[in-house]
Amino acid sequence: YGNTLRTYIVQLHPHGVTSSSFPTKFLWHLSFLDQTLSSEEDSSSRLLYSYGSAMDGFAALLTETEIELLRGLPDVVAVRPDQLLQLQ
Amino acid sequence: TTYSYKFLGLSSTTDGAWIKSGFGRGTIIGVLDTGVWPESPSFADQGMPPVPKRWRGMCQEGQNFKATSCNRKLIGARFFIKGHHVSSVPPSENMVDEYISPRDSSGHGTHTSSTAGGVSVPMASVLGNGAGVARGMAPGAHIAVYKVCWFNGCYSSDILAAIDVAIVDGVDVLSLSLGGFPLPLYDDSIAIGSFRAVEHGISVICAAGNNGPIQSSVANIAPWIATIGASTLDRKFPAIVRMGNGEYVYGESLFPGKSLPIAEKELELVYVTGGNSGSEFCFRGSLPKEKVKGKMVVCDRGVNGRAEKGVAVKEAGGAAMILANTEINLEEDSVDAHVLPATEIGYAEAVRLKTYMDTTSHPRARIVFGGTVIGTSRAPEVAQFSARGPNLYDSTILKPDVLAPGVNIIAAWPQNLGPTSLPEDTRRVNFTVMSGTSMACPHVSGIAALIHSAHPGWTPAAIKSAIMTSADASDHRGKPIMDGSKPAAVFAIGAGHVNPNRAIDPGLIYDIKPDEYVIHLCTLGYTRSEIFTITHRNVSCSEKLKMNRGFSLNYPSISVAFKHGVKSKMITRRLTNVGNPNSVYSVQVKPPEGVKVRVKPRRLIFKHINQSLSYRIWVISRKKTQTKKISYAEGQLTWTNAHNSFHRVRSPISVTW
């Protein structure tokens with residue numbers, strides 16, 4: 001499963017140490033992906049959503065290996081796999 | 001809906017919640033669901049006020065959906081598909097197109113949106129059944145639709161994106177008729193997203209889930225969410241089975257019986273069992289044509305869809321169907337607009353019918369359709385499927401919070417589907433019937449919108465308190481709300497059944513500031529990082545708890561768990577006067593069995609509006625021995641205004657050992 005892409009919700013510290021150096025949250029979130037992905041990967045194709053109101057963070061397509069890398073970054077609060085809910 | 005607003009006492013002529021709130025004018029309800037069918041008459045905008053200036057949302061174009069599809073009623077529509085799109089979903093076997101736009105492909109979102117805020121539509125019905133003027137609970141409110149659910153479900157990444165946008169758009173109420181199983185709050189994207197929404201003053205209303213009557217099945221359990229269970233109406237659609245022996249079995253159906261000559265004809269009865277094909281459940285392709293052709297087929301409820309069983313019977317040449325409840329459904333009838341003459345019978349009736357069939361060589365029956373009957377049955381009752389407490393992750397918060405109508409709700413329906421929503425159903429209707437806590441949720445969303453319109457300054461916690469403390473503990477006959485054959489427990493009904501006319505003027509409210517939820521999470525033993533995940537607040541629980549010794553969340557219901565030999569608990573509550581100045585309230589307590597309850601003070605004298613006063617409750621266990629088996633008891637605590645009996649502020653008490 002190490003290389004299988006899955007959707008994860010990555011929650012960041014709202015006032016993370018790196019956040020102030022980016023003009024928008026979207027760019028900040030992209031930079032997180034850039035740090036995680038190999039250099040030839042286009043991080044924008046992996047970024048699904050950039051959250052700023054309901055949560056600080058993003059949803060992205062990631063492998064388990066990349067998730068482990070992300071978890072080690074200082075501004076990452078939590079990483080959760082996308083969940084499928086149902087109508088009731 | 002064509003009837004539930006009347007059942008809840010909402011009237012456009014007498015002074016009640018609709019008049020006091022201007023029908024919810026100016027309030028914006030955001031509905032996270034399967035989208036909307038904008039051409040439905042329930043979303044027409046005649047008589048609607050202009051779009052509020054604070055609205056920041058949009059009408060997102062997409063497949064079969066133009067920016068002009070929105071109007072002054074449906075002020076926003078967006079869709080969120082990225083989470084769904086990338087999740088290697090196998091190609092759908094569904095023959096219905098799934099619109100890549102806010103347009104509703106499956107009907108659910110159209111139904112729930114119209115229940116919350118649909119405008120008046122005269123002469124609405126499902127094939128002539130349940131006819132009346134259809135109205136949402138807040139017919140004057142604006143609706144913004146966020147499509148997050150697709151044919152295979154709703155991804156949390158899409159849901160979170162919708163909540164994220166809805167906060168910025170400026171909705172006042174969020175209605176989420178979706179969920180799953182209870183989760184710890186730090187793993188629950190709805191809980192996390194809705195905490196921020198509540199911080200922004202948005203009321204979040206969620207379905208409790210349909211996993212009842214299993215204990216601790218209730219989902220969406222965050223204390224800042226209003227969690228809604230489902231109840232029945234006193235409206236019936238009798239479709240009685242007359243067996244060949246002359247005896248009758250009560251059933252219900254929305255099939256327009258008298259319109260087909262075969263509908264009420266006596267037919268041979270057949271119940272196909274044996275083998276592994278699921279013929280007793282009437283799976284598609286499981287019924288041998290030679291056995292069922294021209295006959296009335298008995299199908300057990302469960303596993304596949306109720307209406308789908310009718311299609312299976314029809315495909316196999318069957319002429320009619322009796323849908324037989326199994327033990328888990330008991331006597332609950334969730335009716336459908338079947339594709340052939342059909343009726344649904346309760347479990348006890350199913351046993352009688354099958355006994356007749358087993359003891360008769362040529363069993364026969366006919367269905368006698370009785371139209372729509374209102375007011376003759378006890379209601380509300382708890383829907384069997386409605387999820388139950390106790391709360392799996394927080395014994396101090398009673399869930400569900402309240403019940404609202406969720407069985408046989410007739411509301412708006414799209415034109416791409418028949419009333420059963422099955423692709424084989426070529427009929428087209430503007431309204432259809434659905435059941436679920438999904439249907440209960442938007443009733444409360446609409447009621448929250450009414451309260452928001454009447455009291456724009458109230459917090460989401462105040463609105464929720466108003467709904468909970470004014471809820472009815474008894475049914476429309478003044479008798480206990482029933483759950484099957486027994487009076488319902490608080491774990492089924494929470495604070496009771498919604499009463500919008502009382503909720504709009506509750507007298508007192510239990511308000512909660514977002515910071516208090518954080519302290520509450522500390523009392524539960526959540527770690528700093530878990531609390532940060534949920535609330536985005538960096539807190540030291542030891543400091544918080546030091547500064548708030550003996551803290552109790554100011555929740556409108558009371559739930560106590562005696563664990564680890566603890567025999568006594570002291571909890572505090574704080575009431576705020578939103579009624580009249582110079583109001584005096586006295587307390588009445590009905591203690592749970594095996595428990596002594598002391599309240600101090602026993603009288604609260606409010607001199608001003610918005611004045612807050614606190615009281616303490618000591619809950620003392622009188623049980624001598626503790627067994628390993630978990631046991632429960634329940635009671636209630638009510639503050640009654642000495643001069644205004646309308647203001648009764650009731651909190652259920654649940655105790656667990």
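Chain A is the first sequence line, chain B the second, and so forth, proteins listed ahead of strands; every chain is numbered from 1. Being a predicted model, the structure only gives us computed values, none of them experimental. Atom set for the values below is all heavy atoms of this structure, side chains included, hydrogens, waters and symmetry mates excluded.
- B:Ser156 and A:Asp82 make their closest contact through OG-OD1, 2.7 Å (heavy atoms, listed as atom of the first residue, atom of the second, distance).
- Contact annotation for B:Ile167: only side-chain heavy atoms (C-beta onward) come within less than 4.5 Å of a heavy atom of chain A.
- Inter-residue side-chain proximity for B:Cys154 and A:Leu87 is flagged as met; some heavy-atom pair is nearer than 4.5 Å.
- Most heavy-atom pairs under 4.5 Å with chain A, from the set B:Leu178, B:Thr533, B:Thr437, B:Ile163: that is B:Thr533.
- The line from OG of B:Ser157 to CG of A:Leu61 is 9.0 Å long, rounded to the nearest 0.5 Å.
- Contacts between B:Ile202 and chain A at a heavy-atom distance below 4.5 Å are absent for every atom of the residue.
- When B:Asp33, B:Val168, B:Asp187 are compared by the number of non-hydrogen pairs under 4.5 Å with chain A, B:Asp187 comes out ahead.
- The closest side-chain heavy-atom distance from A:Gln11 to B:His536 is below 4.5 Å.
- Residue with the most contacts toward chain B among A:Ala59, A:Pro14, A:Ala78: A:Pro14 (heavy-atom pairs, distance under 4.5 Å).
- Considering only heavy atoms from C-beta on, A:Tyr51 comes within 4.5 Å of B:Leu160 through its side chain.
- Formation of a donor-acceptor pair under 3.5 Å by the A:Gln88 side chain with backbone atoms of B:Ser177 is not found in this model.
- The shortest non-hydrogen separation linking A:Met55 to B:Ile192 is CG-CG2, 4.1 Å.
- Taken from SG in B:Cys149 to CD in A:Gln86, the straight-line distance is 8.0 Å, to the nearest 0.5 Å.
- When side chains are defined from C-beta on, A:Tyr49 counts as touching B:Asp158, because their heavy atoms get closer than 4.5 Å.
- Residue contact with chain A, scored on non-hydrogen atoms closer than 4.5 Å, involves the backbone and the side chain of B:Phe80 alike.
- Rounded to the nearest 0.5 angstrom, B:Trp150 CH2 and A:Leu84 CG are separated by 14.0 Å.
- B:Asp188 CG to A:Gln83 CD: the interatomic distance, rounded to the nearest 0.5 Å, is 7.0 Å.
- No other option in B:Met434, B:His108, B:Glu530 has as many heavy-atom pairs under 4.5 Å with chain A as B:His108.
- Using a 4.5 Å cut-off between heavy atoms, B:Ile190 contacts chain A through its side chain alone, with no backbone atom that close.
- Residues B:Phe532 and A:His13 meet the side-chain proximity criterion, which asks for heavy atoms closer than 4.5 Å.
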message: What verdict does the side-chain contact (heavy atoms from CB on, under 4.5 Å) test give for A:Ile9 and B:Ser189, after you've listed the backbone C-alpha separation in whole Å, the side-chain angles of each residue and the deciding distance to 0.1 Å?
response: CA-CA 9 Å; A:Ile9 296 170; B:Ser189 291; 3.8 Å; yes

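- Heavy atoms of other residues, nucleotides or ligands lying less than 6.0 angstrom from OH of B:Tyr393 number more than 12.
- If you tally non-hydrogen atom pairs under 4.5 Å between each of B:Ala387, B:Ala161, B:Gly180, B:Ala219 and chain A, the highest count goes to B:Ala161.
- One finds a salt bridge joining B:Arg196 and A:Asp56 here, because a Lys/Arg side-chain nitrogen approaches an Asp/Glu carboxylate oxygen to under 4.0 Å.
- For A:Leu47, no part lies under 4.5 angstrom from a heavy atom of chain B.
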